[in-house]
S.K.: 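Submitted below is the structure of interest, expressed as structure tokens.
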2 protein chains.
Amino acid sequence: MHVEATPEKPRPNLAAVAALAGVSPSTASLAFSGSGPVSAATRTRVLDAAAQLDYAGPDPRAQSLRRGRSGIIGVVIEDRLRDAFRDPMNIAMLDGIADETGSLGAGLLLLTENGEGAASIRNAPVDAVVLIGCSTSFAAQVAIFRQRGIALVAIEAEPMDDVLAIDLDNRQASHTLARHLASLGHRCVAMVTLPLDAARTRGPLTEEAIEAATGYTARERIRGVREVFAGSSGVSATVSSIEEGLLAGLELLADRDTRPSAVIAQSDLLAVGVIRAAEQLGLAVPADLSIVGFDGVKLDGLAPYDLTTMVQPAVEKGRAAGRGVIALLSGEHPRAVSFTSRFHRGTTTAPPRVAS
Amino acid sequence: MHVEATPEKPRPNLAAVAALAGVSPSTASLAFSGSGPVSAATRTRVLDAAAQLDYAGPDPRAQSLRRGRSGIIGVVIEDRLRDAFRDPMNIAMLDGIADETGSLGAGLLLLTENGEGAASIRNAPVDAVVLIGCSTSFAAQVAIFRQRGIALVAIEAEPMDDVLAIDLDNRQASHTLARHLASLGHRCVAMVTLPLDAARTRGPLTEEAIEAATGYTARERIRGVREVFAGSSGVSATVSSIEEGLLAGLELLADRDTRPSAVIAQSDLLAVGVIRAAEQLGLAVPADLSIVGFDGVKLDGLAPYDLTTMVQPAVEKGRAAGRGVIALLSGEHPRAVSFTSRFHRGTTTAPPRVAS
DNA sequence: CGGTTCGATCGAATCGATTCGATACGTCCC
DNA sequence: GGGACGTATCGAATCGATTCGATCGAACCG
């Protein structure tokens, strides 16, 4: 006997299964979803028919149309996936989100800030969206999702109506770091900041640049530092990474006349980059240059340094965001959450060398 | 005048927009999709009506039902997001996939091997799926997706019908590493492998364990090593991470009588862990112990070591997978792709110390 | 001037399931 | 024996868009 494989193999649908089982589509649906009274015999018949037709279960696309839910949660990250994932903070948050939403059976759809096509933020089939920190084009994104009627959770973002905020004490924490340096005797500190705006340019931290900054996290942290070191300046980075910190550090430290005695980097990755820059320039850390970071990433291989930094609860932030999503989707009105960071004194800060 | 906000705000649909614009739904659809002859005047009228109703565009759920496409590509990764993202290889591959599929406008949906609910592998609304390497429950997953009629691309997996394979020369590359050690004079080498099966247990590499292993990558690499060092043994890891490598390393090196003169770790992360273990035990690398890895990750902070390893084109693998997905979705029949690794001689290998 | 063609628009079927209300049939109790 | 009740099942409407074929005018050409 020779088997003739039909090139066309139309996937069976619930109606076909129902027909084969000799029941109505509605009953077949009940049998699958289990959300209604169906006799055991009937259910068995339906399931057998399904097996016979090689039916894989209700089509999720049709389900999501009918139910008005797709079971998918969008996570908006930076433009370049690789950049976003290079920072352990983002991964930790993603992990926290997945932790909580996983119980709900929802999947995470990665969305980029300016993607086009079927899965852009304009038309991804998501039930809710988490905007992961440091977004520089926040307002525009919020407008889109609000129009689409999609629940929104934002990590570290400007407070906004209809957006559940998961916040961090960025200003206060930066203030703490700055005070630490001040108390050590530093008077001339410089910053290496996270991206200031959607353009993500590396460059000197001019007053105009700060004024025009749309990056909430960067701005808050600058503010915290300036509460202690009024008018302090620095360099803005294009992304949170070690390489970028190195470049920014070189820019900052190149000129020995304007060289600061301490650098406040807005992430641990950037801080490590600055340390590398210092090493390249022959500066000893912390003797010649004090450096602080932000995040509290355990950076394997940073030895012999132990970075002075603010440790923030990244996974917890993600969890809170995940719980927020769940609450919003069940029609509740969760309240904004705010996390605090903890000061960690490492070995990368010391009193400034006395001017020679 | 006081505005009365209706608590219920039914999202407008295309029909409502069409009605307001005085055209039929079909014409309104054409106006939005641009895939048909519509006069400029009509299009404007429709768009105005949409703006007036605050219509955000066609519902992606309905679109995907009608079109039979969701524009979403699933990526199946390990159970724990954090574990998966800890290995730069996975991120690199993800990045490569995103690079290619992004042009298609598709989003990446993160799926875990044994998730439940709306976004499990049984019922995620995806058009295609990429199984990222080292999957230990490959066959079961393939069966599910095949039944659902979803296009499949697998990175480093057993060849299978209807599955586009993106392969790496795991066996050959491991053979190369083993030969390198052999040529240095090593006779007693041990392995630290990637997870062998879905159970992901850490334990001695018994013959039975190897025999029963479902992890394709791990098995191939073991095979390559054994072509040179027949019967060589070692320890299997639960995940590819530095910590795990440390634990496996300690287990392997604890007993000084059975201690190997070289360790072949199946990933760079594991190799770093083994180096740490050696350091903890007071062994000098490479004088007392040679160590090789696999992947070619640039591990910042591994200094002063430069790991001897096989450099594999991870991003390229991801890109190939992405291109494969695109090809499959456009009905083509792309051919399997195979990548090769490049030997990198670092400073972590040397001739064995002569037995005292 | 009549036939043809082309462009714009419309109607209606369709994608595949869910769900509300109705129906049919037993069973139970007074 | 008849009314009340509960369970299993069914019909039909619905979710929101896309798309094929039909229709209707207008322009064009011989």
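Proteins come first, then strands; the chains are lettered A, B, ... in the order of their sequence lines, and each starts at number 1.
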S.K.: Tell me whether the side-chain N/O atoms of Thr42(B) come closer than 4.0 Å to OP1 or OP2 in dA8(C).
M.R.: no
S.K.: Can you find a heavy atom in the side chain of Ile97(B) that is under 4.5 Å from one in the side chain of Arg319(B)?
M.R.: no
S.K.: I need the Leu109(A) CG to Ser70(A) OG distance, nearest 0.5 Å.
M.R.: 8.5 Å
S.K.: With side chain to side chain donor-acceptor pair (under 3.5 Å) as the criterion, how do Ser24(A) and Thr27(A) come out once you've worked through the C-alpha distance, each side chain's angles and the decisive distance to 0.1 Å?
M.R.: CA-CA 5 Å; Ser24(A) 76; Thr27(A) 303; 3.2 Å; yes
S.K.: Only counting residues at least two apart or in another chain, list the ones meeting salt bridge (Lys or Arg N to Asp or Glu O under 4.0 Å) with Arg122(B).
M.R.: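 Checked Arg122(B) against salt bridge (Lys or Arg N to Asp or Glu O under 4.0 Å); zero matches.
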S.K.: Got a sec, which residues hit salt bridge (Lys or Arg N to Asp or Glu O under 4.0 Å) with Asp127(B), two or more places apart in sequence or on another chain?
M.R.: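 Asp127(B) satisfies salt bridge (Lys or Arg N to Asp or Glu O under 4.0 Å) with Arg61(A) only.
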S.K.: Using a 4.0 Å cut-off on protein heavy atoms (strictly under), produce a 5'-to-3' string for nucleotides 16-26 of chain C with B for base contact, S for backbone-only sugar-phosphate contact, and - for none.
M.R.: BBBB-------
